[in-house]
A.B. asks: 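This is the structure I have questions about; it appears just below.
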There are 2 protein chains.
Amino acid sequence: MLLRTTCNSVLRVTSDRLYSRAMSNTAIKHLRDMEDALRADGMRITRQRVAILSVLAEANDHPDADEVHRRTKQVDPSVSLATVYRTLSVLENHGVVHRLTFEGGGARFETADAPHHDHIIDVDTGAVVEFHSDKIERLQAEIAAELGYDVVHHKLELYCRKR
Amino acid sequence: MLLRTTCNSVLRVTSDRLYSRAMSNTAIKHLRDMEDALRADGMRITRQRVAILSVLAEANDHPDADEVHRRTKQVDPSVSLATVYRTLSVLENHGVVHRLTFEGGGARFETADAPHHDHIIDVDTGAVVEFHSDKIERLQAEIAAELGYDVVHHKLELYCRKR
DNA sequence: TGACAGTTGCAAATCGTTCGCATAAGCAAT
DNA sequence: ATTGCTTATGCGAACGATTTGCAACTGTCA
Ligand SMILES: [Mn+2]
Ligand SMILES: [Mn+2]
Ligand SMILES: [Zn+2]
Ligand SMILES: [Zn+2]
């Protein structure tokens, strides 16, 4: 049973507990949008999926599966790591999240609501900065076209050091 | 004991066997260059390293560790997979090979002698095409600079489909 | 030809991720 | 609400790629 109040919070009623968590309006809208995307594809909206989606909706970084699990457990301690992995894969397949595979360490995730961008990774601190270049995107398509290809998706990562 | 003839081949004498293999002039030169790079850094030129280097010098594709091992065993069946992994890491650390991490599957390798290029991966066939764009390289540096960074290295992969 | 430090093969360990299976729980129709 | 069908879950074991501990081996240089 899931109730949404009008005052920027999500109440979740489980058999023996009641959770309440403050979320921004935009995060709540984002959460609803992702739920709807799943529902539209006939996926079930489970307690664990809502917990995971709410974590992703709030994140403004690029957490790995373990970090998503850690945060999700603060919403619902019963969610298992296996379910986090399964859910992230489901969400990826439905175009709701993107999987990022930076050098070293496991996959990292971000929601797919923001417009396309690529990443700078600070090799010293691990900090991630987002950027977008229409010029580069256009050049990629041109180069592929010259070789007889269409770009399905691409990966552009700049491993950098503060100058 | 390692002998090089003048006629495009490498003879390798081991305790109980004599191998002979045809290699192109350029591959032999390439092999020597890589050996020298290791020697210059005080690394030992072992039988297994020469075998692996000769495989890499001849390769014009992007084999993974297992494929390097398979090819190396045809030169010297005693080389273990662990040594292949260790050697590839050593070569990477000495700037002699590059490690590529395309989506799905393990790391793949290529020698670092060719000028810098990026990769198109055919999502249907797995075929890899190399390309280079000075414009893109320049734009990457400009974007990083605007954000206060120097590019240490980067990854640009275009996952494409034949049009 | 030593002597020593670097290298190897082997098997076991690691790490991130996936899987099988029995149980739990969405969801739509009653 | 209750039912019934089907999907999702938690657990732990399995997985695949890569790394590592260790004892034996071998380049290298004096
Ligand atoms: Mn991002
Ligand atoms: Mn290449
Ligand atoms: Zn892009
Ligand atoms: Zn490049």
Side-chain angles (χ1 to χ4, degrees), chain A residues 1-3 12-17 35-36 38-53 62-70 72-73 75-94 96-97 99-109, chain B residues 1-3 12-16 35-36 38-53 62-70 72-73 75-94 97 99-109:
Chain A
M1 182 185 193
L2 179 72
L3 303 172
R12 186 166 307 101
V13 181
T14 68
S15 51
D16 58 351
R17 241 173 243 256
E35 275 184 38
D36 292 344
L38 288 190
R39 241 188 297 267
D41 281 343
M43 301 278 100
R44 293 180 181 175
I45 308 305
T46 63
R47 184 169 47 83
Q48 336 6 27
R49 284 180 179 172
V50 173
I52 293 167
L53 282 175
H62 304 82
D64 61 16
D66 224 62
E67 178 61 23
V68 173
H69 185 219
R70 195 170 301 118
T72 300
K73 279 190 294 189
V75 178
D76 182 337
S78 76
V79 179
S80 75
L81 180 57
T83 291
V84 169
Y85 272 108
R86 278 188 287 236
T87 300
L88 287 170
S89 289
V90 166
L91 297 176
E92 185 189 17
N93 292 335
H94 289 262
V96 169
V97 309
R99 180 185 301 261
L100 307 172
T101 52
F102 300 151
E103 288 181 359
R108 302 170 69 162
F109 301 85
Chain B
M1 180 185 193
L2 181 71
L3 303 172
R12 185 168 307 101
V13 181
T14 69
S15 51
D16 57 350
E35 274 184 37
D36 291 344
L38 288 190
R39 240 188 297 265
D41 281 344
M43 302 274 97
R44 292 183 182 173
I45 307 305
T46 64
R47 183 169 47 82
Q48 341 358 31
R49 285 179 177 170
V50 173
I52 293 167
L53 282 174
H62 304 83
D64 62 15
D66 224 62
E67 178 61 24
V68 172
H69 185 218
R70 196 169 301 116
T72 300
K73 280 190 293 190
V75 177
D76 182 337
S78 75
V79 179
S80 75
L81 180 56
T83 292
V84 169
Y85 273 108
R86 278 188 287 235
T87 300
L88 287 170
S89 290
V90 165
L91 296 176
E92 184 189 17
N93 292 335
H94 288 263
V97 310
R99 180 185 302 261
L100 307 173
T101 52
F102 300 151
E103 288 181 359
R108 302 171 67 161
F109 301 86

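Sequence lines set the chain letters: A, B, ... in the order given, protein chains first and strands last, and positions in each chain run from 1. Computed from heavy atoms alone, side chains included, the values below leave out hydrogens, waters and symmetry copies.
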A.B. asks: Distances for protein N/O vs nucleotides 19-22 of chain C N/O pairs under 3.5 angstrom?
C.D. replies:
unit_1, atom_1, unit_2, atom_2, d
C:dG20, O6, A:Arg86, NH1, 3.4

A.B. asks: In whole Å, I'd like the distance from the CG atom of B:Leu81 to the P atom of C:dA12.
C.D. replies: 16 Å
A.B. asks: Could you check B:Ala65 against A:Thr46 and say which one's nearest nucleotide on DNA chain D is further toward the 5' end?
C.D. replies: A:Thr46
A.B. asks: Starting the side chain at C-beta, find the nucleotide from D:dG10, C:dT17, D:dT28 nearest to A:Gln48.
C.D. replies: D:dG10
A.B. asks: Rounded to whole angstroms, how far apart are CZ on B:Arg49 and P on C:dG6?
C.D. replies: 11 Å
A.B. asks: Using whole Å, what does the distance between atom C1' of nucleotide C:dC27 and atom CG of A:Asp36 come to?
C.D. replies: 16 Å
A.B. asks: Could I get the full list of ring-ring contact (aromatic ring centres under 6.0 Å, His included) partners for B:Tyr85, not counting sequence neighbours?
C.D. replies: none
A.B. asks: Is the shortest side-chain N/O distance from B:Thr83 to OP1 or OP2 of C:dG9 below 4.0 Å?
C.D. replies: yes
A.B. asks: Specify the separation, in whole Å, of atom CG of A:Asp76 and atom P of D:dA8.
C.D. replies: 17 Å
A.B. asks: Taking the minimum atom-to-atom distance to the side chain of B:Ser78, which one of C:dT7, D:dG10, C:dG9 wins?
C.D. replies: C:dG9
A.B. asks: How far apart are the closest heavy atoms of B:Val84 and B:Ala65, and which atoms are they?
C.D. replies: CG1-O, 3.7 Å
A.B. asks: Any side-chain N or O of A:Tyr85 less than 4.0 Å from the OP1 or OP2 oxygen of C:dT17?
C.D. replies: yes
A.B. asks: Which atom names give the shortest non-hydrogen contact between A:His69 and A:Val79, and what distance separates them?
C.D. replies: NE2-O, 2.9 Å
A.B. asks: What's the NE2-C1' distance between B:His69 and D:dG16, to the nearest Å?
C.D. replies: 16 Å
A.B. asks: Please confirm whether any donor atom in the side chain of A:Arg44 sits under 3.5 Å from an acceptor in the base of D:dT7, or the reverse.
C.D. replies: yes
A.B. asks: At under 4.0 Å, does any side-chain N or O of B:Thr87 touch on OP1 or OP2 of C:dT7?
C.D. replies: no
A.B. asks: Among D:dG10, C:dC10, C:dT7, which is the nearest nucleotide to the side chain of B:Met43?
C.D. replies: C:dT7
A.B. asks: Mind listing the closest non-hydrogen atom pair of A:Ile45 and A:Leu38 along with its distance?
C.D. replies: CD1-CB, 3.9 Å
A.B. asks: What distance do A:Leu88 atom CG and A:Asn93 atom CG have between them, rounded to the nearest 0.5 Å?
C.D. replies: 11.0 Å
A.B. asks: Rounded to whole Å, how long is the line connecting atom CG of A:Leu38 with atom P of D:dT7?
C.D. replies: 15 Å
A.B. asks: Determine to 10° how strongly the helix from C:dT1-D:dA30 to C:dT30-D:dA1 is bent, judged from the axes of its five-pair ends.
C.D. replies: 30°
A.B. asks: I'd like to know whether B:Leu91 forms a side chain to side chain contact (heavy atoms under 4.5 Å, CB included) with B:Leu53, so could you lay out the CA-CA distance, the side-chain angles of the two residues, the decisive distance to 0.1 Å, and finally the verdict.
C.D. replies: CA-CA 9 Å; B:Leu91 296 176; B:Leu53 282 174; 3.7 Å; yes
A.B. asks: Is a side-chain N or O of B:Arg99 found less than 3.5 angstrom from the main chain of B:Ala107, in a donor-acceptor match?
C.D. replies: no
A.B. asks: To the nearest Å, how far apart are A:Glu92 CD and C:dT17 P?
C.D. replies: 11 Å
A.B. asks: Can you tell me if A:Arg108 uses its side chain to pair, donor with acceptor, with the backbone of A:Phe102 under 3.5 Å?
C.D. replies: no
A.B. asks: What are the two closest non-hydrogen atoms of A:Thr83 and A:Ile52, and how far apart are they?
C.D. replies: O-CD1, 4.1 Å
A.B. asks: For the backbone of B:Asp66 and the side chain of B:Asp64, can you confirm whether one donor and one acceptor N or O come within less than 3.5 Å of each other?
C.D. replies: yes
A.B. asks: Starting from P on C:dG9, measure out to CZ on B:Arg47 and report it in whole angstrom.
C.D. replies: 7 Å
A.B. asks: Want to settle it: does A:Gly42 or B:Gly106 sit nearer the 5' end of DNA chain D, counting the closest nucleotide to each?
C.D. replies: A:Gly42
